[in-house]
Engineer: 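Encoded as structure tokens, here's the structure I'll be asking about.
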Amino acid sequence: MKFQKVYSLEAIANIIGCEYVGDKDFPVTGMNEIHVVESGDIVFVDHPKYYDKALNSAATVVLINKNVACPDGKALLISEDPFRDFNKLTNYFKPFQFSNVSIAASASIGEGTVIQSNTFIGNHVVIGKNCLIHSNVSIYDYTVIGDNVMIHAGTVLGADAFYYKKRPEGYDQLLSGGRVVIKDNVGIGALCTIDKGVTGDTTIGEGTKIDNQVHVGHDTVIGKNCLIASQTGIAGCVIIEDEVTIWGQVGTTSGITIGAKAVILGQTGVTKSVEGGKSYFGTPIEESREKLKQLANIKKIPEILNKLK
């Protein structure tokens, strides 16, 4: 998430009420999760296991719960609870905006686009030309949709990330200030859910087609011309490269990459990153030929046992 102007380190510290290490005028231009941070961004870290990763990331401001040595060219925000204070910043820079109309006045809808009844379009949504949005679709604030996009009934674009911190009193949600971005010529089936990024974008690439009842987690990036069949669940922070085919009831873990032109057969559990240009099957995932050979051999076990007897 990029701010609309440059803030000083002191100004950010005042917003969340914490101490800082560095020049009070040190420039702060945004806030992001660690996998998408850039120079000028704030990243938060609240566990010693990840201190080095955060301090050595591209982020130049680290929101941290210990006063550690500050790397050259960076600044620190010292917080008792970085998770809580990251939420404070999200609330400050992108607060929830109430809307009581079907199509918010700040939404922009392109020429030739058709929107069926009972669809909700939130604040600052941008929809391109010649789209068809069927009934009962919910499009949350700041979603961006390109040209020639079709979205079927009951789909939700922009729900919050499934991202929680466990505390003694229960689960504390990390607030989502990101977006969903749908490129040109995308087709999305009925009853799909695509969560917005925590601070960045969840992106569906040009020409990709998604079947009914598919879930796409926060900050996932899907490439061009992919095919994704029904009941697939894609976790957060996944990268799916161009022309990948995913068949029904596939599930993935978070933070992995599926290479270009890979084919993931139905009911596969994608437990790790896989190379492109190959076919995969099973849980844990393996190349499909090898997995099918293993299954064929397993069928021979009763015969082998009988011979041993």
Side-chain angles (χ1 to χ4, degrees), residues 1-3 16 30-38 41-47 50 53-54 57 59 63 79 81-99 120 122-125 137-145 151 154-167 170-183 186 188 191-205 208 210 213-223 228 231-240 250-258 270:
M1 181 200 307
K2 293 300 180 185
F3 303 149
I16 57 179
M31 54 187 288
N32 267 312
E33 288 188 278
I34 195 155
H35 62 286
V36 289
V37 286
E38 300 173 345
D41 284 345
I42 302 167
V43 68
F44 86 91
V45 61
D46 57 6
H47 194 289
Y50 303 109
K53 185 176 181 180
S57 71
L63 177 60
S79 165
D81 190 336
F83 189 100
R84 175 202 64 200
D85 287 339
F86 201 75
N87 273 346
K88 284 184 180 178
L89 291 173
T90 299
N91 260 333
Y92 183 89
F93 289 106
K94 200 169 258 189
F96 173 76
Q97 297 180 49
F98 174 75
S99 179
F120 172 77
N123 301 292
H124 310 291
V125 168
V137 171
S138 293
I139 303 175
Y140 285 36
D141 295 0
Y142 294 98
T143 297
V144 177
I145 298 172
I151 303 174
T155 283
V156 178
L157 304 182
D160 286 345
F162 189 73
Y163 195 141
Y164 293 87
K165 182 180 180 67
K166 189 173 184 179
R167 300 189 187 275
Y171 290 101
D172 193 4
Q173 183 179 19
L174 186 65
L175 300 181
S176 298
R179 307 184 300 173
V180 169
V181 177
I182 309 295
K183 301 291 188 176
V186 167
I188 301 175
L191 300 173
C192 293
T193 52
I194 301 176
D195 290 348
K196 61 189 169 188
V198 171
T199 52
D201 295 338
T202 302
T203 304
I204 312 297
T208 285
I210 297 176
Q213 296 180 320
V214 170
H215 173 75
V216 180
H218 70 91
D219 295 285
T220 282
V221 176
I222 298 176
I228 302 175
Q231 297 182 12
T232 288
I234 300 169
C237 305
V238 172
I239 296 173
I240 298 174
V250 167
T252 82
T253 191
S254 61
I256 61 167
T257 297
I258 299 175
V270 189

Engineer: Would a 4.5 Å heavy-atom cut-off, applied to side chains only, mark Leu174 and Phe44 as touching?
Structural biologist: yes

Engineer: State, to 0.1 Å, how close Ile194 and Val180 come at their nearest heavy-atom pair, and which atoms those are.
Structural biologist: O-CG2, 3.6 Å

Engineer: If you compare all heavy atoms of Gly200 against all heavy atoms of Asn32, which two are closest, and at what distance to 0.1 Å?
Structural biologist: N-OD1, 3.9 Å

Engineer: If you round to the nearest 0.5 Å, how far is CD1 of Ile204 from CD1 of Ile228?
Structural biologist: 6.5 Å

Engineer: Looking at Thr90 and Ser176, would you say the former's side chain and the latter's main chain have a donor-acceptor pair under 3.5 Å?
Structural biologist: no

Engineer: Any chance you could measure Ile16, atom CD1, to Leu89, atom CG, to the nearest 0.5 Å?
Structural biologist: 5.0 Å

Engineer: Which atom pair, heavy atoms only, marks the closest approach of Ala159 to Tyr140?
Structural biologist: CA-CE2, 3.7 Å

Engineer: Is the cationic atom of Lys94 (NZ for Lys, CZ for Arg) positioned less than 6.0 Å from the six-membered ring centroid of Tyr142 and within 45 degrees of its normal?
Structural biologist: yes

Engineer: Using modelled atom types only, decide if a donor and an acceptor are shared between the side chain of Thr203 and the backbone of Val221 within a distance under 3.5 Å.
Structural biologist: no

Engineer: Take Ile222 and Ile234 through the side-chain contact (heavy atoms from CB on, under 4.5 Å) test and state the conclusion after the steps.
Structural biologist: CA-CA 10 Å; Ile222 298 176; Ile234 300 169; 4.1 Å; yes

Engineer: Checking Thr199 side chain against Gly177 main chain: does a donor-acceptor pair fall under 3.5 Å?
Structural biologist: no

Engineer: Determine whether more than 12 heavy atoms belonging to other residues, nucleotides or ligands lie under 6.0 Å from atom CZ of Phe83.
Structural biologist: yes

Engineer: Does the Asp219 side chain pair with the main chain of Val198, one donor and one acceptor, at a distance under 3.5 Å?
Structural biologist: yes

Engineer: Measure the shortest side-chain to side-chain distance between Phe86 and Ser79 over non-hydrogen atoms and say whether it is less than 4.5 angstrom.
Structural biologist: no

Engineer: Measure the CG-CG distance between Leu175 and Asn87 for me, rounded to the nearest 0.5 Å.
Structural biologist: 3.5 Å

Engineer: Would you compute the distance between atom CD1 of Ile34 and atom NZ of Lys53 and round it to the nearest 0.5 angstrom?
Structural biologist: 5.0 Å

Engineer: Got a second to check how far Cys237's SG is from Tyr163's OH, nearest 0.5 Å?
Structural biologist: 8.0 Å

Engineer: Do any N or O atoms from the side chain of Asn123 and from the backbone of Gln97 form a donor-acceptor pair under 3.5 angstrom?
Structural biologist: yes

Engineer: Quick one: pull up CD1 in Ile258 and CD1 in Ile256 and give me the separation to the nearest 0.5 Å.
Structural biologist: 5.0 Å

Engineer: Can you see which heavy atom on Lys196 is nearest to which on Asp160, and at what distance?
Structural biologist: CE-OD1, 3.2 Å

Engineer: Where do Glu33 and Val43 come nearest, in terms of heavy atoms and distance?
Structural biologist: C-CG2, 4.3 Å

Engineer: Would you check, one step at a time, whether the test side-chain contact (heavy atoms from CB on, under 4.5 Å) holds for Cys192 with Gln213?
Structural biologist: CA-CA 5 Å; Cys192 293; Gln213 296 180 320; 5.9 Å; no

Engineer: So do Thr208 and Ile240 actually touch side chain to side chain, heavy atoms under 4.5 Å?
Structural biologist: no

Engineer: Counting C-beta onward and ignoring hydrogens, is there a side-chain heavy-atom pair between Arg179 and Thr202 closer than 4.5 Å?
Structural biologist: no

Engineer: When you look at Ile151 and Ile145, which way does the side-chain contact (heavy atoms from CB on, under 4.5 Å) test go after all the steps?
Structural biologist: CA-CA 10 Å; Ile151 303 174; Ile145 298 172; 3.9 Å; yes

Engineer: Would you check if the side chain of Thr220 reaches a backbone N or O of Val238 as a donor-acceptor pair within less than 3.5 Å?
Structural biologist: yes

Engineer: Quick one: are Asp41 and Met1 in side-chain contact, heavy atoms under 4.5 Å?
Structural biologist: no

Engineer: Taking all atoms of both residues into account, what is the closest heavy-atom pair of Val186 and Gly205, and its distance?
Structural biologist: CG2-O, 3.2 Å

Engineer: Is Asp81 paired with Lys165 through a side-chain N to carboxylate O contact shorter than 4.0 Å?
Structural biologist: no

Engineer: Could you check whether the rings of Tyr171 and Tyr164 sit parallel, tilted or perpendicular, using 30° and 60° as the cut-offs?
Structural biologist: perpendicular

Engineer: I'd like to check Phe162 versus His215 (side-chain heavy atoms, cut-off strictly below 4.5 Å). Are they in contact?
Structural biologist: no

Engineer: For atom NZ of Lys2, is the number of surrounding heavy atoms from other residues, nucleotides or ligands below 6.0 Å larger than 12?
Structural biologist: yes

